[in-house]
K.L.:
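Before anything else, here's the structure in question.
Chain naming here is simple, since letters A, B, ... match the order of the sequence lines and numbering starts at 1 in each. Here the structure is a predicted model, which is why all the values come from computation and not from measurement.
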Protein chains: 2
Amino acid sequence: MITIKDVAKKAGVSVGTVSNVINNIDIVSESTKRKVFKAIKELNFKPNIIARSLSKGKTDNIAIIVPEINNPFFPELIRGITDFLETKGYYAIIINTDNNAEKEEIFINGLNSFLVSGIIIAPADSKGKDFRVLSELKIPIVIVDRESDNLNDDTVIVNNHKGAYDAVNYLINCGHKIIIILCGSNHTKTAQNRYIGWRKAMEENNLFNDDYIYWGDFTIDSGYKMMDEVLKKFKKVDAVFASNDIIAIGAMQAIRENGLRIPEDISIIGFDDIYFSKLLSPPLTTIRQPVYEIGSMAAEILLKKIEGKSELKNICRYVIDGELIIRDSVAKKAGS
Amino acid sequence: MITIKDVAKKAGVSVGTVSNVINNIDIVSESTKRKVFKAIKELNFKPNIIARSLSKGKTDNIAIIVPEINNPFFPELIRGITDFLETKGYYAIIINTDNNAEKEEIFINGLNSFLVSGIIIAPADSKGKDFRVLSELKIPIVIVDRESDNLNDDTVIVNNHKGAYDAVNYLINCGHKIIIILCGSNHTKTAQNRYIGWRKAMEENNLFNDDYIYWGDFTIDSGYKMMDEVLKKFKKVDAVFASNDIIAIGAMQAIRENGLRIPEDISIIGFDDIYFSKLLSPPLTTIRQPVYEIGSMAAEILLKKIEGKSELKNICRYVIDGELIIRDSVAKKAGS
DNA sequence: ATGAAAGCGCTAACAA
DNA sequence: TTGTTAGCGCTTTCAT
C-alpha cells in the first residue's frame, strides 16, 4: 500500500506538506505542489480514508435506514438522498430493516459514533422503540417519511393527514359513500395520520362507520388480504382508500380475482404515487409524494447540520403537501 | 468518547487484555474477563470500528454497486446479499450508478482499498470501461447479473441465453411467428445474450427477420418507445419478447394505448419476474430469475474469498437457469 | 495470563 | 512555507 510517507519521500518533502496538498490547504508553494502531485500520480497514491477518519474523528459516511427496500417508494427516496450527497463527497450506507424494530435496533447499536457522521432514518416503528442509543451517538439525524414518538429531530415528511383527507374528499365528491380504509401498520404514525385524515373527511360528511376500518401493513400481501376480507363481509362497497400504493396494488388484485371491475364496481385511490401506479390497469388515482425531493431536502438539511451551518438546537419539521393525481381508478357517480 | 483505555483503567487491567476480551481471544482468565465486561457495561463502551479497521488493515464493509436501484430487480438482489452479509457481521455500502459508466468509475476510484473489504458489482457497461482500478484494489470481487469484457472474476449470473431461448420457444410453440424482440442496452452482455437466445430460437424455426430487432435500454420508457415504433411499423405482430419485465411493462402500456388487447391481439413475455409482474393485467408470463438466491450466493462467495477460505486463483462462473413462469400474457393460437 | 509498547496512515499543532 | 511530531483508538507482538 502506498502511503503519504512514500509520496513524501519521492517528492522530497515532508508528510505534513503532502497532507496539506491532498487536503487543499492552500499554503503550499506552487513548485512543491507540483512535485507532490507528480509523486502522487507516479505512485498512484490514494489517501487511506480510514486513517483520515480516525485522525479527524469523523467520516464522510451517512447512514440511510429504510424500513422496506422492496417498496419502490424507498429506492426513489434513496436516489433523492444519494444524488445530493454525492455532489458533496459523501457516501451512503444503506440499511434495510424490513420493518423489523429489533433489526433496526441492532443496526443502530452497531452504528458506531465514528462510522457515520450523519443518519437519515425512516423508522420502522412509531412507538415502544427506544432510540436513546441514537441520541447518545450525538451525530446529526434527519427523520424522513415516518415519525416516531421517541425520536425528536429534524423531520421531512409529507402531510399525511391532509393527503388522506383530500383523497377521501375526492372520493366523496365523486359520489361515493361506503368508503373502506385499508390502513398500513398501526405501529407507524404514517398509517395513523392517514387514518385520521380519512376519519375526518368521513365524519364531516356523516359517512363514518367503524366497520369500514381495516388495519394491516404496508405490503402488497396485506392489501390483498384486507380487501379479500372486505369483499367477504360487504355485499356492496363504493370505494376504498388504500393507505399506500402498494396496498392498493394488492387490493386491486383481490378485487379483480373476485370478478369485480375497477372503477365500475369499486373505486380505489392510493397514496405515494410510486412509479408503477400509472402503469397499472386502470392507472391508479393517488396522492403523489414528491419523494425524490423529500430525499434531497433531507440530505441537504443533514449536511448543513454536519457541517455546522445550522443550529442544532432548533428542531424543524418540514411538512410537504402531497398532490392529488387523478387517473382512472375512481368512478364519478351520476349526479356528482 | 469511551475508549479501550478507559475500560482498562476502570477494570484495573491493561488495554491489551481488554482488546483480547472484546475480540474473544480466549486467553484471558475468567475473573479478569468478568472485571472487563463489568467495566464495559458500566461505561457503555463500544469499540471504535474505524480504529479497529486501521489497525487490522481491513474493514467489515462490502460495497454493492448496482446500475439501477429503480428496477425492483436490484432491491431484491440487494436484500439477498445483505441478509446474508448481516448474519456474518458485515455492513453493505450500496452504490447506485444509474447506468452511468462515468459515475461508476468515479465511485470505484473512491473505493479505497481500506474502505471496503469486498465488492459485489453489477457493471453498468460491458465494454470500453477500464476496470484496472478495481483489479489494482486487490480486494475480492464478485460480479452479479451483468458481465463485462474487462472484468474477470467470480460471477453469479442467470443463463440469459437459455432463458431467452426458452421464452421464445414457448412463444413459437404457442403458434406465434412474427416475434419482435425489445432488447435492453446494447452496452450490456445481458441484453446481448438474451438477443442471441432469441435469435437462435428464431433461426431454428426459420422465423428470423432483421426487422424484428429493436435496441433500447432496460427502462419502462424505453419499452414504451420501442413498442410504439413497432406498432407504427407493423400492421400485424404476433408476440413480443421483452428483454426484461421493466421493458415489458412499458411495452404493455404502449400496446394498451394503441387500443390493442393482451394477449388477444399481441402476446408478450418478459424476463426477470420482478414482484410486480404477477400483478399486472394481464399477469405477465416471464422467465424467473431466482434473484434473492443469486444475491445470497454472491455474498457467500465473496465472504469465502474475504476470509481466505477459497482459492483466489480459480475464477468461477456460476450460471443459474431461469424458469419459465406461465401466466396470462401469451395466447395459445389454434392448432398449437 | 497479563502488561508494555510499537505501529496502522493520516491530521494538525507547533517549531523552525 | 515547510518539517517534526504527537496523537486518533485499536491490535498485536514480545516480554514478563
Side-chain angles (χ1 to χ4, degrees), chain A residues 1-37 39-40 43-61 89 110-117 137-139, chain B residues 1-37 39-40 43-61 89 110-117 137-139:
Chain A
M1 148 156 289
I2 310 294
T3 75
I4 208 175
K5 228 166 154 182
D6 302 317
V7 176
K9 197 195 271 174
K10 177 136 202 161
V13 299
S14 73
V15 289
T17 301
V18 177
S19 176
N20 284 332
V21 171
I22 61 181
N23 286 289
N24 280 319
I25 295 172
D26 228 344
I27 197 182
V28 189
S29 75
E30 279 306 318
S31 62
T32 27
K33 233 191 240 173
R34 254 195 307 277
K35 281 189 289 181
V36 173
F37 278 131
I40 287 177
L43 295 170
N44 190 24
F45 164 78
K46 301 269 169 58
N48 181 318
I49 293 176
I50 298 282
R52 175 180 289 171
S53 302
L54 180 61
S55 182
K56 284 200 172 184
K58 62 164 288 218
T59 72
D60 293 335
N61 291 334
L111 236 41
N112 214 283
S113 52
F114 266 32
L115 222 194
V116 297
S117 44
L137 249 34
K138 294 221 172 51
I139 49 184
Chain B
M1 150 156 289
I2 310 295
T3 75
I4 208 175
K5 227 167 153 181
D6 303 318
V7 176
K9 196 195 273 178
K10 177 136 201 162
V13 299
S14 73
V15 289
T17 301
V18 176
S19 176
N20 283 332
V21 170
I22 61 181
N23 286 289
N24 281 318
I25 295 172
D26 228 343
I27 195 183
V28 189
S29 75
E30 280 306 319
S31 62
T32 25
K33 234 191 239 173
R34 253 195 308 278
K35 280 189 288 181
V36 173
F37 278 131
I40 287 177
L43 295 170
N44 190 26
F45 164 78
K46 302 267 169 56
N48 180 318
I49 294 175
I50 298 282
R52 173 179 291 170
S53 303
L54 180 62
S55 183
K56 285 201 173 185
K58 61 165 287 217
T59 72
D60 293 336
N61 291 143
L111 237 41
N112 213 282
S113 51
F114 266 31
L115 223 195
V116 297
S117 45
L137 249 34
K138 294 220 172 50
I139 49 182

K.L.:
Starting at atom CZ of B:R52, determine the distance to atom P of C:dG7, rounded to an integer number of angstrom.
P.N.:
22 Å
K.L.:
Would you say B:T3 reaches D:dC8's phosphate, i.e. side-chain N/O to OP1/OP2 under 4.0 Å?
P.N.:
no
K.L.:
State which of D:dC10, C:dG3, D:dG3 makes the closest approach to the side chain of B:A51.
P.N.:
D:dC10
K.L.:
Rounded to whole angstrom units, what separation is found between the CD1 atom of B:I27 and the C1' atom of D:dC14?
P.N.:
12 Å
K.L.:
Between C1' on C:dC8 and CG on A:D6, what's the gap in Å once rounded to a whole number?
P.N.:
14 Å
K.L.:
Among C:dG9, D:dT2, D:dT5, which nucleotide sits nearest the side chain of A:V15?
P.N.:
D:dT5
K.L.:
Does the side chain of A:N23 come within less than 4.5 Å of A:K56's, by heavy atoms?
P.N.:
yes
K.L.:
Taking the side chain as C-beta and beyond, is there a heavy-atom pair between B:I2 and B:K10 under 4.5 Å?
P.N.:
no
K.L.:
Once you round it to whole Å, what is the distance between C1' of C:dA4 and NZ of B:K9?
P.N.:
17 Å
K.L.:
In whole angstrom, what separates B:I4's CD1 from D:dT12's P?
P.N.:
11 Å
K.L.:
How long is the span from the CG atom in A:L54 to the OG atom in B:S55, to the nearest 0.5 Å?
P.N.:
9.5 Å
K.L.:
How many angstroms lie between NZ in B:K33 and CD1 in B:I27, if you round to the nearest 0.5 Å?
P.N.:
11.0 Å
K.L.:
For the residue pair B:T17 and B:K35, establish whether any side-chain heavy-atom pair is separated by less than 4.5 Å.
P.N.:
no
K.L.:
State whether B:S53 places a side-chain N or O below 4.0 Å from either non-bridging phosphate oxygen (OP1 or OP2) of D:dC10.
P.N.:
no
K.L.:
Taking C-beta and beyond as the side chain, do A:R34 and A:S31 meet within less than 4.5 Å on heavy atoms?
P.N.:
yes
K.L.:
To the nearest Å, how far apart are B:N48 CG and D:dG7 C1'?
P.N.:
14 Å
K.L.:
Return the nearest nucleotide to the side chain of B:K56; candidates are D:dT12, C:dC10, D:dT4.
P.N.:
D:dT12
K.L.:
Contacts to DNA chain C from residues 16-26 of chain A, heavy-atom cutoff under 4.0 Å, which residues?
P.N.:
A:G16, A:S19, A:I22, A:N23
K.L.:
From NZ of A:K5 over to P of D:dT4, roughly how many Å is that when rounded to an integer?
P.N.:
12 Å
K.L.:
May I ask you to evaluate whether B:S55 reaches the phosphate of C:dG7, defined as a side-chain N or O under 4.0 Å from OP1 or OP2?
P.N.:
no
K.L.:
Give the angle between the helix axes at the two ends of the helix from C:dA1-D:dT16 to C:dA16-D:dT1, taking five base pairs at each end and rounding to 10°.
P.N.:
40°
K.L.:
Using whole Å, what does the distance between atom C1' of nucleotide D:dC10 and atom CE of B:M1 come to?
P.N.:
11 Å
K.L.:
A:T59 vs B:I50, test: side-chain contact (heavy atoms from CB on, under 4.5 Å). Steps then yes/no.
P.N.:
CA-CA 9 Å; A:T59 72; B:I50 298 282; 3.7 Å; yes
K.L.:
Roughly how far apart are A:E30 CD and A:F37 CZ, rounded to 0.5 Å?
P.N.:
9.0 Å
K.L.:
In Å, rounded to the nearest 0.5 Å, how long is the span from OG1 of B:T3 to CG of B:D6?
P.N.:
4.0 Å
